[in-house]
Amino acid sequence: NAKEAYQCWLQYKKIEDGRQYDEYASICLNLAVVGDSVILNSALQELIQAVTSMFDKEPLITNYADPDSSIILGTYQDINLTDYGVDASIMDRLNEEGYLLQTVNNGKRDCLLLVGKSDKGTLYATHHLLRLIQTGEAINDLTIVESPRNQIRMLNQWDNMDGSVERGYSGNSIFFDNNQITTDLERIKDYARLLSSVGINAISINNVNVWQVETNLITSKLLPEVANIADTFRRYGIKTFLSINFASPIELGDLTTADPLDQDVKKWWKDKVKEIYAHIPDFGGFVVKADSEHRPGPFSYDRDHADGSNMLAEALQPFDGIVVWRCFVYNCMQDWRDRSTDRARAAYDHFKPLDGKFHDNVILQVKNGPMDFQVREPISPMIGAMENTNQILEFQIAQEYLGQQKDLAFLIPMWKEVLDFDTYAKGEGSTVTAIVDGSLYDYKFSGIAAVSNIGNDINWTGNTLAQANLYGYGRLIWNPNLTAEEIAGEWVLATFGSDSTVLENITSMLLDSREIYENYTTPLGIGWMVNPNHHYGPNVDGYEYSRWGTYHFADRNGIGVDRTIETGTGYAGQYFSPNKKVYNSLEECPDELLLFFHHVPYTHKLKSGETVIQHYYNTHFKGVEQVENLIVKWTMLEDKIDEFRFNNVLDRLKMQLANAKEWRDQVNTYFYRKSGIADEKNRTIY
Ligand code: GCW
């Protein structure tokens, strides 16, 4: 029985504690819903489902507030706050998706108002209440006023129509199978419930690599089915986007060119967009991977990325649609001998000169690091570099380079480092948070997107503990001030209940996990060393002589990539001061990024006092011990967690241990042979 695994954090388990039961039940069993909309109805349905399950009793429901109502939900247009003695101006502080949870007295009894600025706000308020209950918080005297910090809170599916998921580690697609669009809208509805519960409001449903079959998603043959999916998401406040093939006018057989400045091409896209909106009136827009890893784009016609994206933006503009244009553009056919090309520089070099040339419904989507979702990278210097161009940050929830949902890696601490980073783009305090929330430069559109980690596995994410990353992503981008500890704690309580050992062990496992993964793989910011293509497991030279530009440059004397201004690729110069100076300087560069910016001898001393080589040995031995400890912590929970989830995670931890040992031995042996320097502690190196 995998019911718990499927429910994720929406368990709504029967409340066993008698006192808590009475306290919550006195508030939750008499619901009044004021107003009418599909989203409001979703809020109500969620509440009914949760309440029925938690109290083993169906709530009473009315569509008007009466003296016995204990919860009243609706929008502030429909609920007159002054009737309840609440100053209505409180709503002015909220954006369209914000809400108020307020305990009031209606003359007869205390009652809880769930009031949204819009119906979406009401849905989010409902989830806020359910989260409080699931985490055991009091709900009898609430005043909570919330708005999301980020405007666009998006997921990118990398799903292909044959049912496979690029970099998917959780089974196949829930959207596509056998080159068809799914008819299982129930599963999509459940996905929408999960996403809306953590505030996600946008989704692109197909891979950014748009192959031949997927190119047809924007044709009249498939649009009705895409529209069904969009309808399902709409009920949960989520807008649907599609990834498109830049060469569609050619691929779909209508034109011989996709030149963005060609009049026929422009018209083709305008007609196409009109057609899409006839099927999906609130369609979000396009996500575009162009001139990247062999995908077509404007470069074929000697046009630039502004020409390409603006052409699509013009077509979408009359319908308020947007173009999310990815900046993952680099030379993937490099020669390892060529030391003048640096993949880390590429996005900035391509896009920075175009600042100000993009239409205001274009957003540039930038991966958090300049290379590609490694366990440790500096923040992309693109973020904050383009004052006049909307930006959206891209995270990867799928653990492509972080253990592929076999190994445990809780990503929230890493994303928090990114968001808290001060770019100094406009002086001190120019954090990534302030850039992507649109405030620093007053962007019209901005926010955060992430590559999803789900598939049709019964528990959605392969490893049940990887559910925490999807949950945490939504929570963090709604409110970047939440700490990783808070998010982990919430998730464990909602997912596994309130046993104190369960809470303590899983929370600490999550919080330590990224550092553990870093320890046994690629510390000091070097990255890669993975097996080519599938990217799991160690292979120190796997990409060293290939064309992808992801080198570590280890030789018998040293390791690391010189990205300094004077002797290296100059990449460090893409940052604002003082970051430029800090990264450029061997003395000041933080240890954890040392090898990203500098090529050093193995005997180079870190700030910790260890040499680089000894640090490598130490972290690799330590990482394996830490994984052994994860297994000890998990095993303690055997009789506290249902069998399915317990075994699912235990199996994965065992795979992780095998993987960690392999990493330790491969890496240690490789560097021992290269350097000839022995481990000070004389441990086994093969
Ligand atoms: O790192 C690479 C991944 C590709 C992916 C690409 C991208 C969708 O290995 O699988 O393609 O990034 O982000 O476009």
Side-chain angles (χ1 to χ4, degrees), residues 154-170 172-173 175-176 203-215 217 241-247 286-297 299 305 308-309 323-334 343-344 346-347 350-351 363-377 380 382 392-405 409 411 414 448-455 521-522 527-537 539 542-543 546-551:
M154 186 171 198
L155 281 177
N156 294 164
Q157 300 297 139
W158 282 359
D159 295 32
N160 300 315
M161 286 192 68
D162 65 4
S164 64
V165 178
E166 180 149 353
R167 310 308 177 187
Y169 312 105
S170 322
N172 281 331
S173 174
F175 295 93
F176 309 109
I203 189 166
S204 56
I205 60 170
N206 64 307
N207 189 0
V208 290
N209 289 323
V210 185
W211 310 114
Q212 202 186 353
V213 192
E214 293 80 10
T215 302
L217 281 168
F241 289 67
L242 289 171
S243 298
I244 55 106
N245 181 341
F246 193 80
F286 297 143
V287 176
V288 193
K289 173 173 177 176
D291 291 316
S292 165
E293 301 183 332
H294 311 296
R295 301 314 298 147
F299 285 172
H305 288 276
S309 57
V323 180
V324 179
W325 190 270
R326 296 177 83 236
C327 296
F328 189 57
V329 177
Y330 68 99
N331 177 0
C332 66
M333 297 291 282
Q334 201 183 317
R343 171 162 161 182
H350 279 296
F351 286 91
I363 314 186
L364 298 186
Q365 181 162 304
V366 185
K367 291 190 183 188
N368 62 269
M371 295 294 280
D372 195 4
F373 299 131
Q374 300 302 293
V375 67
R376 178 86 59 181
E377 284 185 51
S380 167
M382 273 286 281
I392 184 166
L393 183 62
E394 179 177 331
F395 288 141
Q396 191 183 40
I397 313 177
Q399 292 165 235
E400 175 177 358
Y401 292 100
L402 279 107
Q404 307 199 344
Q405 287 145 248
L411 303 172
M414 180 169 92
I448 305 184
V451 182
S452 175
N453 65 344
I454 68 107
T521 58
T522 54
W528 272 277
M529 302 195 187
V530 288
N531 282 305
N533 306 321
H534 63 73
H535 297 168
Y536 188 75
N539 187 340
Y543 275 111
S546 73
R547 319 204 69 172
W548 297 90
T550 58
Y551 312 116

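Predicted model, so just to flag it, every value in this text is computed and none were measured. Order of appearance sets the numbers: ligands from 1, and atoms from 1 within every ligand.
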Q: Run the numbers for me: atoms of ligand 1, each under 4.0 Å from some heavy atom of F328, listed by number.
A: 6 (C), 7 (C), 12 (O), 13 (O), 14 (O)
Q: Give the numbers and elements of all ligand 1 atoms closer than 4.0 Å to a heavy atom of R167.
A: 3 (C), 4 (C), 9 (O), 10 (O)
(Q) Is the distance from the ring center of H535 to that of Y543 below 6.0 Å? (A) yes
**Q.** Q365 and N156: CA distance, side-chain angles, deciding distance, side chain to side chain donor-acceptor pair (under 3.5 Å) verdict
**A.** CA-CA 11 Å; Q365 181 162 304; N156 294 164; 2.9 Å; yes
Q | Where ligand 1 meets V208 - atom numbers and elements under 4.0 angstrom, heavy-atom basis | A | 8 (C)
Q: Give the intermediate values and the outcome of ring pair (Phe, Tyr, Trp, His ring centres under 6.0 Å) for residues F286 and W325.
A: CA-CA 8 Å; F286 297 143; W325 190 270; over 10 Å; no
Q.
Below 4.0 Å, non-hydrogen atoms only: which portion of F373 touches ligand 1? Side chain, backbone, both or neither.
A. neither
Q: Specify whether W548 and Y330 have parallel, tilted or perpendicular ring planes, treating 30° as the upper limit for parallel and 60° as the lower limit for perpendicular.
A: tilted
Q.
Could you tell me, atom by atom, which parts of ligand 1 come under 4.0 Å of a heavy atom of W158?
A. 5 (C), 7 (C), 8 (C), 13 (O)
Q: Please write down residue, atom name and distance for the protein heavy atom closest to atom 1 (O) of ligand 1.
A: D372 OD2, 1.9 Å
**Q.** Closest heavy-atom pair and its distance - A449, I392
**A.** N-CG1, 3.8 Å
Q) Using 30° and 60° as the class limits, which term best fits the ring planes of H350 and H305: parallel, tilted or perpendicular? A) perpendicular
(Q) Counting non-hydrogen protein atoms only, what is the nearest one to atom 9 (O) of ligand 1? Give residue, atom name and distance. (A) E400 OE2, 2.6 Å
Q. Say you draw a straight line from CD1 of I397 to CG of L411; how long is it, rounded to the nearest 0.5 Å?
A. 8.5 Å
Q | Nearest non-hydrogen protein atom, atom 10 (O) of ligand 1 | A | E166 OE2, 2.4 Å
(Q) side-chain contact (heavy atoms from CB on, under 4.5 Å) for W211 and R295? Distances and angles first, verdict last. (A) CA-CA 9 Å; W211 310 114; R295 301 314 298 147; 3.1 Å; yes
(Q) For atom 8 (C) of ligand 1, what's the nearest protein heavy-atom neighbour? Residue, atom name and distance, please. (A) N209 ND2, 3.3 Å
Q) Looking only at protein heavy atoms, which one is nearest to atom 6 (C) of ligand 1, and how far off is it? A) E293 OE1, 3.4 Å
Q | ligand 1 contact on V451 by region, counting heavy-atom pairs under 4.0 Å | A | neither
**Q.** Heavy-atom pair of closest approach, residues V288 and V323
**A.** CG2-CG1, 4.1 Å
Q. Which residue owns the protein heavy atom closest to atom 14 (O) of ligand 1, what's the atom, and how far is it?
A. K289 NZ, 2.6 Å
(Q) Looking at non-hydrogen atoms alone, which of H535, R326, K367, Q396 comes nearest to atom 12 (O) of ligand 1? (A) K367
